[in-house]
Amino acid sequence: MSELSVEHLLGIKYLSTSDINLIFETADNFKQVINRPIKKVPSLRDITIANLFFENSTRTKLSFELAEKRLSADVVNFSSSSSSVTKGETLVDTVNNILAMKVDMVVMRHPFPGAGVFLSKNVDSKIINAGDGAHEHPTQALLDSYSIRERMGDVARKKVVIVGDILHSRVALSNIFCLQKLGAEVCVCGPKTMIPKHIESLGVKIELDLQKALNWCDVANMLRIQRERLEINYFPSTREYSMLYGLNNEVLDSLDKEIVIMHPGPINRGVEITSEVADSDHAIILDQVENGVAVRMAVLYLLAQKIRH
Ligand code: CP
């Protein structure tokens, strides 16, 4: 297969396993490109991309912008705080005005779940979801699975535990879909209050005890508490959360094996993970960030092929 089965990247749930493998094989080539002295190819020289960020971001925003520039696309950036959205303009009007300036593709982060799907049905452009509320963050899941494949050779049959605030995490949901499509076993671990009631229906294992979850897994993906999405307290104190669900050297040393440690960022050092673990050789956190550029180049390149056809 040399073409994606989808017209937009709205969520991992819409991708086939073949789509994910095609993205990874394409990313392998782009990873070589970004590690050359000249990190640029002319692949998207005729394409203009708008990055619309209605919510804060460091990694995803910069990673998409770098991916676009490495592919020689023309890039415009939009942040909602300095735009006419603050004057009451609708999302569809805002995007249609941007598209009238001959923009071909839109990368969007938005606080509302489903914003990308809504946009894809109401404007004439390729849409890439860069995170929609607590729903999906497809490129994060792709780069996470790509990084597991790079470190461990394959994703199939690996046991991956996602630890923390599963309830508010778009990273968790997209990772569950992506890992399962690639044949991994997935467990979620965290305070009971932060495990969604119906998550078992997705075929994941639930484990409330971090030590047991770590003894089971090959890979632990540590999530931050999404404080910006908490309306109430889900655990008594940050200190107690850290005692029960924080990853430190003492916990890792008590395991009878070595596991791979991941984190999507931003990290709250000393809460879900200590600095000594985050900066250790077991952690592939900065590999994830590097791979994010290659994976996003692959997604942009493959969707742009569909504009040209
Ligand atoms: N992982 C992630 O989405 O980070 P940002 O919020 O900084 O983009």
Side-chain angles (χ1 to χ4, degrees), residues 9-13 23 27 49-70 75 77-81 106-116 127-148 150-151 160-179 188 190 194 219-230 247 260-269 271-273 277-279 283-300:
L9 179 62
L10 302 173
I12 300 287
K13 69 170 165 280
I23 291 168
I49 304 173
N51 298 316
L52 275 52
F53 278 73
F54 294 88
E55 208 185 53
N56 292 342
S57 168
T58 300
R59 277 146 294 272
T60 312
K61 188 167 185 288
L62 289 179
S63 182
F64 266 113
E65 191 173 342
L66 274 172
E68 291 151 3
K69 288 180 172 169
R70 302 278 191 242
V75 180
N77 288 305
F78 165 101
S79 99
S80 59
S81 56
V106 169
V107 174
M108 184 173 74
R109 171 167 288 191
H110 202 283
F112 293 125
I127 307 295
I128 299 177
N129 178 7
D132 58 332
H135 180 221
E136 279 227 38
H137 192 348
T139 55
Q140 180 68 47
L142 289 167
L143 74 89
D144 288 343
S145 283
Y146 184 86
S147 301
I148 294 173
E150 181 180 70
R151 173 60 76 108
V160 182
V161 63
I162 306 170
V163 182
D165 180 2
I166 311 299
L167 185 64
H168 299 96
S169 176
R170 56 192 172 210
V171 174
L173 191 59
S174 286
N175 259 276
I176 289 168
F177 291 143
C178 196
L179 290 162
V188 293
M194 296 191 129
V219 179
N221 194 351
M222 306 303 296
L223 304 181
R224 116 191 128 83
I225 302 296
Q226 307 258 312
R227 292 210 176 276
E228 67 277 25
R229 297 189 215 285
L230 304 191
L247 193 55
V260 175
I261 311 300
M262 304 177 72
H263 196 306
I267 295 176
N268 287 154
R269 286 175 183 260
V271 180
E272 71 275 7
I273 191 167
V277 174
D279 301 332
I284 58 167
I285 297 167
L286 292 181
D287 297 329
Q288 291 171 256
V289 177
E290 178 181 340
N291 289 335
V293 177
V295 166
R296 289 179 175 114
M297 286 172 82
V299 168
L300 292 161

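Predicted, not measured: the structure shown is a model, and the values here were computed from it. Order of listing sets the numbers, starting from 1, for every ligand and every atom in it.
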Q: Will you find, in the side chains of Asn77 and Glu65, an N or O donor that is under 3.5 Å from an N or O acceptor?
A: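 Judged by distance alone, the side chains do pair up.
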Q: Considering heavy atoms of the protein only, find what lies nearest to atom 6 (O) of ligand 1 and give residue, atom and distance to 0.1 Å.
A: Arg109 NH1, 2.9 Å
Q: Among side-chain atoms of Glu272 and His263, is any donor-acceptor pair under 3.5 angstrom?
A: yes
Q: So if I count the atoms of ligand 1 from 1 in the order they appear, which ones are less than 4.0 Å from some heavy atom of Thr58?
A: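 Result: 5 (P), 7 (O), 8 (O).
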Q: For Gly265, take its heavy atoms, then give the atoms of ligand 1 lying under 4.0 Å from any of them.
A: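 That gives atoms 1 (N), 2 (C), 4 (O) of ligand 1.
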Q: Mind running side-chain contact (heavy atoms from CB on, under 4.5 Å) on Gln140 and Arg170 for me, showing each step along the way?
A: CA-CA 9 Å; Gln140 180 68 47; Arg170 56 192 172 210; over 6 Å; no
Q: Could you list the atoms of ligand 1 found under 4.0 angstrom from a heavy atom of Pro264?
A: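 In order of number, 1 (N).
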Q: Can a donor-acceptor pair be found, under 3.5 Å and without considering hydrogens, that links the side chain of Arg109 to the backbone of Asn56?
A: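 Yes; at least one donor-acceptor contact below 3.5 Å.
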Q: Any N or O on Lys61 sitting closer than 3.5 Å to an N or O of ligand 1?
A: no
Q: Backbone or side chain, does any N or O of Pro266 fall under 3.5 Å from an N or O of ligand 1?
A: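 No - when backbone and side-chain N and O of Pro266 are compared with those of ligand 1, no distance drops under 3.5 Å.
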Q: Looking just at side-chain N and O atoms, do Glu150 and Asn291 make a donor-acceptor pair shorter than 3.5 Å?
A: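 Per modelled atom types, Glu150 and Asn291 side chains form a pair under 3.5 Å.
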Q: Return the residue, atom name and 0.1 Å-rounded distance of the protein heavy atom closest to atom 2 (C) of ligand 1.
A: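 I find the closest protein heavy atom is Thr60 OG1, 3.5 Å.
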Q: Could you tell me which atoms of ligand 1, counted from 1 in the order shown, lie closer than 4.0 angstrom to a heavy atom of Gln140?
A: 1 (N), 2 (C)
Q: Is it the case that the side chains of Ser147 and Asp287 hold a donor-acceptor pair, with the cut-off being a distance below 3.5 Å and no angle test?
A: no
Q: Kindly identify the option in Gln288, Arg59, His137, Arg224 whose heavy atom sits closest to atom 3 (O) of ligand 1.
A: His137
Q: Using the ring of Phe64 (Phe, Tyr or Trp, six-membered ring only), decide whether Arg296 places NZ or CZ under 6.0 Å from its centre and within 45 degrees of its axis.
A: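 Yes - Arg296 lies over the ring of Phe64, closer than 6.0 Å to its centre and within 45° of its axis.
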